[in-house]
Amino acid sequence: QVELVESGGGSVQAGGSLTLSCVASGDTASNNCMAWFRQAPGKEREGIASINTAGGSESYADSMKGRVTISQDNAKNTVYLQMKNAKPEDTAMYYCAAAPRDWIECGVALSENGATMEYWGNGTWVTISS
C-alpha cells in the first residue's frame, strides 16, 4: 500500500513555471512506477509524465514533451513535476499515481490515462491565468 500527497498547486500566470511535488509513503520500493496525470473540468483524465523510480526511466505524453520534466528524490520519496511556459489550458487538477510496473509498462500507463495505476493522491489544483 502506498499513500501519495501532492502539493505545489495554486495560481500561475500564463507563461510562468510551476513545480508540483508528490510525497510517497508506505511500500514505495514495490510501487516503482510513479506518474502525473491531470483532469480538467468536463474532460477526461490524461497522462503527463511517468518515471520508474528504480532505474530513473522517464516517459512523457507527446502533448507535454518539452514543457514538463519529471524527476525524483529517492531520499525524500518524492517525485516532482516541473512545468514551464504554462498555458490557460493547463488549468486542471493534477494527480500523482503509483503502481508496481516495469519501465515499459510505466510509460504505457500514460496512454491508458492511468487506468492501470493502483494508488492515487487527492490531487492539487492548478490555475493558469491569462
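The shown structure was predicted, so the numbers you read here are calculated from the model rather than taken from an experiment.
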Query raised in the report: Quick check: are there more than 12 heavy atoms from other residues, nucleotides or ligands sitting under 6.0 Å from CD of Glu112?
Result: yes
Report task. Check for a donor-acceptor pair, side chain of Arg45 on one end and backbone N or O of Gln39 on the other, with a separation under 3.5 Å. Result -> no
Query raised in the report: When rounded to the nearest 0.5 angstrom, what is the spacing between OG1 in Thr28 and CG in Asn31?
Result: 8.0 Å
**Report entry** Approximate separation, where rounding is to 0.5 Å, of Ile128 CD1 and Thr91 OG1
**Finding:** 5.5 Å
Report task. Decide yes or no for Met34 and Cys22: does some side-chain heavy atom of the first lie under 4.5 Å from some side-chain heavy atom of the second? Result -> yes
Query raised in the report: In Å and rounded to the nearest 0.5 Å, what is the CD to SG distance from Glu58 to Cys106?
Result: 10.5 Å
Report summary line: Hits for side-chain contact (heavy atoms from CB on, under 4.5 Å) against Lys76, two or more places apart or cross-chain, chain-then-number order -> Asp73, Thr78, Tyr80
Query raised in the report: Looking only at heavy atoms, what is the nearest atom pair of Val2 and Ala24, with distance?
Result: CG1-CB, 4.2 Å
Query - Single-linkage hydrophobic cluster, 4.5 Å side-chain cutoff, Ile48 and Val12 together - result: yes
**Report entry** Reported CD-to-CG distance for the pair Glu6 and Asn122, which is rounded to 0.5 angstrom
**Finding:** 6.5 Å
Query raised in the report: For the residue pair Ala61 and Gly47, what are the closest heavy atoms and their distance?
Result: CB-O, 3.3 Å
**Report entry** Gln1, CD: over 12 other non-hydrogen atoms inside 6.0 angstrom
**Finding:** no
Requested in this report: Could you check if a side-chain atom of Arg101 sits within less than 4.5 angstrom of a side-chain atom of Thr116, using non-hydrogen atoms only?
Outcome: yes
Report task. Give a yes or no on whether Tyr119 and Val23 share a hydrophobic cluster (residues Ile, Leu, Val, Met, Phe, Trp, Tyr; joining criterion: side-chain heavy atoms under 4.5 Å apart). Result -> no
Query raised in the report: What are the two closest non-hydrogen atoms of Tyr60 and Ile70, and how far apart are they?
Result: OH-N, 2.9 Å
Query raised in the report: Got a salt bridge between Lys65 and Asp62, using NZ or NE/NH1/NH2 to carboxylate O under 4.0 Å?
Result: yes
Query - Minimum heavy-atom distance between Val108 and Ser111, given as atom pair plus value - result: O-OG, 2.7 Å
Query - Gap separating the CZ atom of Arg38 from the CD atom of Glu46, nearest 0.5 angstrom - result: 4.0 Å
Query raised in the report: What distance separates Leu18 CG from Ser11 OG, expressed to the nearest 0.5 Å?
Result: 10.5 Å
Query raised in the report: Do the side chains of Ile51 and Trp103 join up, straight or via other hydrophobic residues, at under 4.5 Å, putting them in one cluster?
Result: no
Requested in this report: Return the minimal non-hydrogen interatomic distance between Ser59 and Gly107, and the atom names on each side.
Outcome: OG-CA, 3.4 Å
Query - Hydrophobic cluster of Met93, others only, ordered by chain and residue number, side-chain cut-off 4.5 Å - result: Phe37, Tyr95, Leu110, Met117, Trp120, Trp125
**Report entry** Criterion side-chain contact (heavy atoms from CB on, under 4.5 Å) against Gln82, the qualifying member of Val68, Leu20, Thr19
**Finding:** Thr19
